[in-house]
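The chains referred to below are lettered A, B, ... by the order of the sequence lines, with proteins before strands, and numbering in each begins at 1.
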2 protein chains.
Amino acid sequence: MMATPARGMSARAAQAERTRQQILETAQRLFTEIGYDATSLQMIADEMGLTKAAVYYYFRAKSDIRHAALKPGIERLKSLLDEVAEMRSRRARVDHLVTGLVDFLVQHRHAVMSPAESSEAKHAPDDEQVHEMRWRALSLIFGEEPTAVERLCFDAAFSLPRSLSTLADLSDEELGEALRTTMLRILLRVPS
Amino acid sequence: MMATPARGMSARAAQAERTRQQILETAQRLFTEIGYDATSLQMIADEMGLTKAAVYYYFRAKSDIRHAALKPGIERLKSLLDEVAEMRSRRARVDHLVTGLVDFLVQHRHAVMSPAESSEAKHAPDDEQVHEMRWRALSLIFGEEPTAVERLCFDAAFSLPRSLSTLADLSDEELGEALRTTMLRILLRVPS
DNA sequence: GTCTATATATAGATAGAC
DNA sequence: GTCTATCTATATATAGAC
């Protein structure tokens with residue numbers, strides 16, 4: 001779970017932690033590039049010069065890798081929504097949510113996994129959480145009873161992470177600015 | 001390939017055509033609900049009370065079912081773009097594309113398959129075509145050198161088909177109107 | 001900590017009976 | 001036209017040697 005080996009760890013344990021982290025990064029990249037279902041543990045092992053069994057030493061199941069890969073994004077989104085919930089004006093809420101999300105997206109632009117689009121999407125605890133947060137965000141932005149158009153604007157704006165792969169030619173700054181501008185435009189001034 | 005058995009067909013052949021069509025509809029529904037990769041031929045066969053081998057009699061491979069399921073949408077989009085290309089004003093082009101697309105989406109709202117999100121997405125001819133049409137549509141709406149924000153607005157608007165499943169509570173009329181309004185709002189009056 | 005070897009399940013696909 | 005039976009490949013996952 002740790003990004004860096006803790007102090008006091010043996011050299012062996014530190015190496016193990018690095019290996020674990022590398023598996024996670026490799027898996028995350030493959031999930032992003034070709035999708036979760038299409039990524040086999042064999043591919044992950046091959047890319048790292050390990051065997052499947054070695055991968056299983058670090059993760060008990062394929063779904064655990066998915067869980068670990070999704071975790072930082074889920075945590076970030078959760079705390080972002082907590083912060084947003086404290087804000088009074090709608091404008092400030094939208095602004096904070098968009099800015100926070102865009103910053104996270106740009107930082108992880110090459111490893112952004114959409115939680116949906118996996119055959120595990122049903123009943124997996126991660127996806128339950130994402131689903132709940134989606135509802136929470138919708139309420140925070142458009143109130144308890146959003147109109148159909150508002151719901152669509154919400155979906156349109158927050159579907160943009162899926163488009164990251166088609167924007168590889170942009171620098172981090174350009175990408176961030178474009179994402180922020182577009183999301184704000186879609187979410188603010190929605191016609192009734 | 002035909003939606004209805006042609007005149008002069010034997011009763012046996014007509015029955016075969018119906019079975020083929022039913023397999024297609026069942027598969028399409030499952031592809032939409034749980035995704036292409038997660039749908040096995042066994043599931044399709046089970047839902048219809050057939051065996052896998054029977055399904056293979058009608059379709060030589062799983063990918064052929066996908067191809068047949070995608071075909072109507074691809075054809076519709078292709079002719080729509082041909083029509084749009086003939087129009088002079090940008091406003092008319094956006095209007096015609098959005099209206100045509102929304103009509104198609106509402107009509108097939110329970111069986112809309114996103115061409116991407118399958119492990120076959122690479123090098124499958126269907127996806128090549130969709131990719132080309134995406135570029136063509138982008139050029140028709142925003143010109144040959146769209147800005148980053150314009151590309152994002154394009155993606156946001158045309159990602160909306162993915163949201164159909166979350167709008168099951170709307171009537172066809174409500175859905176169509178909301179889709180049309182939202183897409184037009186996102187695609188028109190994009191800030192420079 | 002990483003390996004070989006293997007268990008088990010299921011995928012897509014085919015051959016041939018009826 | 002639909003079936004049973006089977007093939008082959010590959011998936012996730014485990015046991016136990018080193």
Side-chain angles (χ1 to χ4, degrees), chain A residues 1-2 5-6 9-24 26-28 30-31 34-69 117-124, chain B residues 1-2 5-6 9-28 30-31 34-69 117-124 126:
Chain A
M1 294 305 178
M2 287 178 217
M9 246 179 194
S10 73
R12 206 173 170 80
Q15 173 58 38
E17 189 54 41
R18 273 196 298 276
T19 305
R20 196 192 132 93
Q21 207 56 33
Q22 279 167 17
I23 292 174
L24 198 53
T26 303
Q28 211 161 350
L30 288 169
F31 292 163
I34 64 174
Y36 175 79
D37 288 347
T39 303
S40 70
L41 294 183
Q42 188 68 66
M43 289 182 205
I44 298 170
D46 287 351
E47 289 235 355
M48 298 195 53
L50 295 181
T51 61
K52 276 193 292 182
V55 176
Y56 271 104
Y57 174 78
Y58 293 97
F59 296 92
R60 309 170 62 140
K62 187 186 178 186
S63 58
D64 283 11
I65 305 182
R66 179 178 135 87
H67 176 70
E117 77 185 54
S118 102
S119 60
E120 252 150 63
K122 311 289 176 197
H123 303 108
Chain B
M1 294 303 178
M2 288 176 216
M9 245 182 197
S10 73
R12 208 172 167 80
Q15 173 58 36
E17 189 55 41
R18 273 195 298 277
T19 305
R20 196 193 132 93
Q21 208 57 32
Q22 280 167 18
I23 291 173
L24 198 51
E25 282 160 24
T26 303
Q28 212 162 350
L30 287 169
F31 291 164
I34 64 174
Y36 175 79
D37 288 345
T39 303
S40 70
L41 295 183
Q42 189 67 65
M43 288 182 207
I44 298 170
D46 287 350
E47 289 235 357
M48 299 196 52
L50 294 179
T51 61
K52 274 196 294 182
V55 176
Y56 271 104
Y57 174 78
Y58 294 97
F59 296 92
R60 307 171 64 135
K62 187 186 179 186
S63 58
D64 283 10
I65 306 182
R66 180 179 134 88
H67 177 70
E117 76 185 55
S118 102
S119 60
E120 250 148 63
K122 312 288 178 199
H123 304 107
D126 288 329

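Of the options A:Leu30, A:Leu24, A:Thr26, a side-chain contact (heavy atoms from CB on, under 4.5 Å) to A:Ile65 is made by A:Leu24 and by none of the others.
As a whole-Å value, the separation of A:Lys62 NZ from D:dT10 P is 15 Å. Atoms CD1 (B:Ile23) and P (D:dG1) sit 12 Å apart, rounded to a whole Å. Rounded to whole Å, the distance from OH on B:Tyr57 to P on D:dT4 is 17 Å. When rounded to the nearest whole Å, the span between CZ of A:Phe59 and C1' of D:dT12 equals 16 Å. Computed from coordinates, the B:Asp64 CG to C:dG12 P distance equals 13 Å when rounded to whole Å. Put simply, CE on A:Met43 is 13 Å from C1' on D:dT12, counting in whole angstrom units. B:Leu50 has its CG atom 17 Å from the C1' atom of C:dA13, to the nearest Å. Rounded to a whole Å, the CG atom of B:Asp46 is 13 Å from the C1' atom of C:dT10.
Each of B:Gly49 and B:Lys52 was matched to the nucleotide of DNA chain D holding its nearest heavy atom; the match closer to the 5' end belongs to B:Gly49. For the pair A:Thr39 and B:Thr19, both in contact range of DNA chain D, the more 5′-proximal nearest nucleotide belongs to B:Thr19.
Side-chain atoms of A:Gln42 lie closest to D:dA11 of the nucleotides C:dA13, D:dG1, D:dA11. Here the nucleotide nearest the side chain of A:Ala53, chosen from D:dT12, C:dT14, C:dC3, is C:dC3. Side-chain proximity of A:Ala54 to the nucleotides D:dT12, D:dG1, C:dC3 is greatest for C:dC3. Here D:dT14 is the nucleotide among D:dT14, D:dG1, C:dG12 with the atom lying nearest to any side-chain atom of A:Tyr56.
Within the 4.5 Å cutoff, side-chain heavy atoms of A:Lys62 are placed close to those of A:Tyr36. Here the side chains of B:Met43 and B:Ile34 are in contact, with some heavy-atom distance below 4.5 Å.
What you find for A:Thr19 and A:Leu50 is that their closest heavy atoms are CG2-CD1, 4.3 Å.
Contacts of A:Thr51 with the nucleic acid, taken as non-hydrogen atoms under 4.0 Å apart, include base atoms. Heavy atoms of A:Ser63 sit nowhere under 4.0 angstrom from any nucleic acid atom.
Side chains of A:Arg18 and A:Gln15: a donor-acceptor N/O pair is present below 3.5 angstrom, by distance only.
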